[in-house]
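Protein chains get the first letters and strands the later ones, always in sequence-line order, with residue 1 at the start of each. FYI, side chains are in, hydrogens and waters are out, and symmetry mates aren't considered; it's all heavy atoms of this structure.
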There are 2 protein chains.
Amino acid sequence: MEIVQHLSKEKLEKAAFILKTVAHPTRLAVIDLLSYREKMSVNELCSVLDCEQSLLSHHLINMKLKGILNSQKDGQNVYYSLKEKDVVKLISCIENCDCNM
Amino acid sequence: MEIVQHLSKEKLEKAAFILKTVAHPTRLAVIDLLSYREKMSVNELCSVLDCEQSLLSHHLINMKLKGILNSQKDGQNVYYSLKEKDVVKLISCIENCDCNM
DNA sequence: CAAATATATGAACATATTTTCATGTAAAAA
DNA sequence: TTTTTACATGAAAATATGTTCATATATTTG
């Protein structure tokens, strides 16, 4: 009886890495919003999400760094958009789960 | 121009919560293994995953607590199985993502 | 019953993540 | 050209998570 893992250590680490950068209410909300609106400025996101500017900035920059978001400067504004659109699927995927809390 | 979030704070928090408990290489590996094998004992998981017993136990109990796993004692062994099978989808879902690292 | 095996537990420690706050920079407006 | 607006940055503080280690408990075996 031989049991082997079929997912490599690298794949597991990459998957965990992506999941971790998504696993936060604010960041999920950003992803969700950007799945409906092509792009949004930091300010717009700030007010919709009711999140402090600096904190949101940290989140956005982090998500960009990790390949999930894109940013594009236009005048004073910086518009963020989804780079990795597949992450949106994670949301609908998780909505079916019925885990305890 | 009115922008609203369509996901409630509760939904976002629940989703982030589940994603967080999944977002770890070892825990992902457990989920993956249990998607192929109905159930596995702590010992089996330990050796396949090459993970220290106590550490794995902590992970398993945590996942059980959070509604992802089930456990069932049989003699000296404790068999863990997937309770929330939908989480398996997260793995294939994430495998398509192409984020930077 | 003593020893061995399988698992759990909890505290201490290490590390990582999140949040806050004060301040910096660049563009636009007054 | 000062002020305002939008955003970024970085360090400190707060919090959460992961890991280790020593030990406990239950079950089985000799």
Side-chain angles (χ1 to χ4, degrees), chain A residues 1 3 9 12-31 33-34 37 39-66 68-81 99 101, chain B residues 1 3 9 12-31 33-34 37 39-66 68-81 99 101:
Chain A
M1 174 196 62
I3 316 165
K9 206 166 176 177
L12 289 167
E13 261 158 19
K14 187 182 167 185
F17 179 88
I18 298 173
L19 288 169
K20 243 198 292 187
T21 103
V22 168
H24 187 285
T26 303
R27 295 191 297 259
L28 278 174
V30 168
I31 291 170
L33 279 167
L34 291 177
R37 312 189 78 232
K39 59 184 180 179
M40 286 178 80
S41 70
V42 179
N43 231 1
E44 288 174 318
L45 286 166
C46 255
S47 52
V48 176
L49 300 177
D50 189 31
C51 178
E52 205 251 323
Q53 183 271 316
S54 163
L55 179 51
L56 189 61
S57 221
H58 280 303
H59 280 307
L60 294 171
I61 286 163
N62 189 253
M63 292 168 89
K64 180 184 176 184
L65 203 76
K66 294 186 176 167
I68 293 177
L69 301 183
N70 259 329
S71 75
Q72 163 194 359
K73 186 157 192 176
D74 180 11
Q76 311 164 273
N77 302 307
V78 174
Y79 290 92
Y80 280 89
S81 57
C99 305
M101 298 191 51
Chain B
M1 173 197 59
I3 316 163
K9 207 168 176 177
L12 289 168
E13 262 158 20
K14 186 182 167 185
F17 178 88
I18 298 172
L19 287 170
K20 244 197 290 188
T21 103
V22 168
H24 187 285
T26 304
R27 295 191 298 257
L28 277 174
V30 168
I31 291 171
L33 279 167
L34 291 177
R37 311 189 78 231
K39 58 185 180 178
M40 286 178 79
S41 70
V42 179
N43 231 2
E44 288 174 318
L45 286 166
C46 255
S47 52
V48 177
L49 299 177
D50 190 31
C51 179
E52 203 252 322
Q53 182 271 318
S54 162
L55 179 52
L56 189 61
S57 220
H58 280 302
H59 280 307
L60 294 171
I61 286 164
N62 189 252
M63 291 167 89
K64 181 184 175 183
L65 202 76
K66 294 187 174 164
I68 293 178
L69 301 183
N70 259 327
S71 74
Q72 164 193 358
K73 185 156 190 174
D74 179 10
Q76 312 163 272
N77 302 305
V78 175
Y79 290 92
Y80 280 90
S81 57
C99 304
M101 299 190 53

State whether the number of non-hydrogen atoms from other residues, nucleotides or ligands found under 6.0 Å of Asn62(A) atom CG is greater than 12.
yes
Is any side-chain heavy atom of [X] less than 4.5 Å from a side-chain heavy atom of [Y]?
| X | Y | result |
| --- | --- | --- |
| Leu45(A) | Tyr79(A) | no |
| Ile31(B) | Met63(B) | yes |
| Leu33(B) | Leu49(B) | yes |

Expected output is a numbered-order residue list: members of residues 46-53 of chain A with a heavy atom under 4.0 Å from any atom of DNA chain D. What is it?
Gln53(A)
Is it true that a side-chain atom of Thr21(B) and a backbone atom of Phe17(B) form a donor plus acceptor pair closer than 3.5 Å?
no
When you measure from the side-chain N and O atoms of Asn77(B) to the phosphate of dA6(C), is any distance below 4.0 Å, counting only OP1 and OP2?
no
Counting just side-chain N and O atoms, does Tyr80(B) come under 4.0 Å of either OP1 or OP2 of dA8(C)?
yes
Which comes earlier along DNA chain C counting from the 5' end, the contact point of Leu55(B) or that of His59(A), where each point is its nearest nucleotide?
Leu55(B)
Classify Ile61(B) by what it touches in the nucleic acid, base, sugar-phosphate, or nothing, heavy-atom distance under 4.0 Å.
sugar-phosphate
Which is true for Tyr79(B) with a 4.0 Å heavy-atom rule: it touches a base, it touches only sugar-phosphate, or it touches nothing?
nothing
From the list Leu69(B), Asn70(B), Ile68(B), side chain to side chain contact (heavy atoms under 4.5 Å, CB included) partner of Leu34(B) resolves to Leu69(B)
Residue that, paired with Val42(B), satisfies side chain to side chain contact (heavy atoms under 4.5 Å, CB included) out of Leu60(B), Asn77(B), Ile61(B):
Leu60(B)
Roughly how many Å is it from CG in Leu56(B) to P in dA8(C), rounded to a whole number?
9 Å
Without decimals, in angstroms, what is the distance between Phe17(B) CZ and dT18(C) P?
15 Å
How does each nucleotide of nucleotides 25-30 of chain C score, in 5' to 3' order, for protein heavy atoms under 4.0 Å: base (B), sugar-phosphate only (S), or none (-)?
--BS--
Every protein N/O within reach of nucleotides 10-15 of chain C N/O, cut-off under 3.5 Å:
| unit_1 | atom_1 | unit_2 | atom_2 | d |
| --- | --- | --- | --- | --- |
| dG10(C) | O6 | His58(B) | NE2 | 2.8 |

Span of DNA chain D engaged by chain A, first through last nucleotide within the 4.0 Å heavy-atom cut-off, is dT5(D) to dA11(D)
Between [X] and [Y], what is the shortest heavy-atom contact and its length?
| X | Y | answer |
| --- | --- | --- |
| Leu56(B) | Cys46(B) | CD2-N, 3.4 Å |
| Ser71(B) | Val78(B) | CB-CG1, 3.9 Å |
| Lys39(A) | Glu44(A) | O-OE1, 4.4 Å |

Mind checking what makes side chain to side chain donor-acceptor pair (under 3.5 Å) contact with Ser54(A), not counting sequence neighbours?
none
Suppose we screen for side chain to side chain donor-acceptor pair (under 3.5 Å). Which residues come up paired with His59(A), at least two apart in sequence or across chains?
Arg27(A)
Worked check of side chain to side chain contact (heavy atoms under 4.5 Å, CB included) between Val22(A) and Leu28(A)
CA-CA 6 Å; Val22(A) 168; Leu28(A) 278 174; 3.4 Å; yes
